[in-house]
Undergrad: 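Following this message is one structure expressed as structure tokens.
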Amino acid sequence: MAATGDTGASVTVAFQITEKEFIQGCQRGYRHSAYLPIFVPTTVVVGLLAANSLRAHHSVSWIPVALFALGYWPWFVLLQPKWTFSRKATARELRRITYSEAGSHHQGETYTLDRPWSKYRGVYEYPDMYLLRYQGGNTNTLAKRAFASPMDEEVFRTVASSHVKCRFLTE
């Protein structure tokens, strides 16, 4: 529901994210991470060097070190989001989010959170969702189906683009 008033435009969406949307949001968010392109190769190389050093010293502990170095990131990207969704109750809650000139107000069944636009780093649009990247490298997934109307979606785009860098599919 879009509204305008003394504080400018705002829009409120209410939705419950699906497991598929949660997983896709996480995996798409990883692509926009400033950290992963550095951390992944660094940890793999360091892990493999450590494993090689252990192997050179005739230690059998090189095997789990090498397996960890090669297996952690595929697990993190492919399996961890599903595991998180199944264990994190707040991920499955019905949520209401209001986007306004002040930022976002998140209201779940067991939590309330306010995040000013200064904490956001960018918005990325996909055909089925928006990813809102915020400080610390994490993202919020906003399913497009949550908008009550195209006008509500346009209000969101207008508010977001006046505060952070947005990468919309069409402008």
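No experiment lies behind these values; they were computed from the predicted model shown.
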Undergrad: To the nearest 0.5 Å, what is the distance between CG (L94) and CD (Q107)?
TA: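 One gets 10.0 Å once the value is rounded to the nearest 0.5 Å.
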Undergrad: Can you label the angle between the W117 ring and the H163 ring as parallel, tilted or perpendicular, going by 30° and 60°?
TA: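 Ring orientation of W117 relative to H163: parallel.
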Undergrad: Hey, could you give me the CD/CZ distance between E125 and F168, rounded to the nearest 0.5 Å?
TA: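 One finds 6.5 Å between CD of E125 and CZ of F168.
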Undergrad: Y124 and T139: side-chain donor and acceptor closer than 3.5 Å?
TA: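 Note: Y124 and T139 side chains miss the donor-acceptor criterion.
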Undergrad: Can any side-chain N or O of R92 pair as donor or acceptor with the backbone N or O of Q16 at less than 3.5 Å?
TA: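 It does not hold such a pair.
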Undergrad: As an exercise, state the distance from CZ of R55 to CG of L48, rounded to the nearest 0.5 Å.
TA: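 Spacing of CZ (R55) from CG (L48) equals 11.0 Å.
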Undergrad: I'd like to know if the side chain of R96 reaches the main chain of T12, judged simply by a donor and an acceptor atom lying under 3.5 Å from each other, with no hydrogens or angles considered.
TA: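 Absent.
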Undergrad: Tell me which one of F156, F15, Y99 satisfies ring-ring contact (aromatic ring centres under 6.0 Å, His included) with Y130.
TA: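 Passing option: F156.
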Undergrad: Could you check whether any side-chain N or O of E109 sits under 3.5 Å from a backbone N or O of E93, counting only pairs where one atom can act as donor and the other as acceptor?
TA: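 No: the side chain of E109 does not pair with the backbone of E93.
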Undergrad: If you round to the nearest 0.5 Å, how far is CZ of R167 from CZ of R133?
TA: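 With rounding to 0.5 Å, CZ (R133) is 10.0 Å from CZ (R167).
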Undergrad: Donor-acceptor pair, distance only, cut-off 3.5 Å: does the side chain of E101 make one with the backbone of V159?
TA: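 No: the side chain of E101 does not pair with the backbone of V159.
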Undergrad: So, S100 and T98: side-chain donor and acceptor under 3.5 Å apart, yes or no?
TA: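 There is no such pair between these side chains.
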Undergrad: For the side chain of T158 and the backbone of E154, is there at least one donor-acceptor N/O pair under 3.5 Å apart?
TA: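 Answer holds: yes.
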Undergrad: Starting at CG of L132, measure out to CZ of R121 and round the result to the nearest 0.5 Å.
TA: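 The CG atom of L132 sits 13.0 Å away from the CZ atom of R121.
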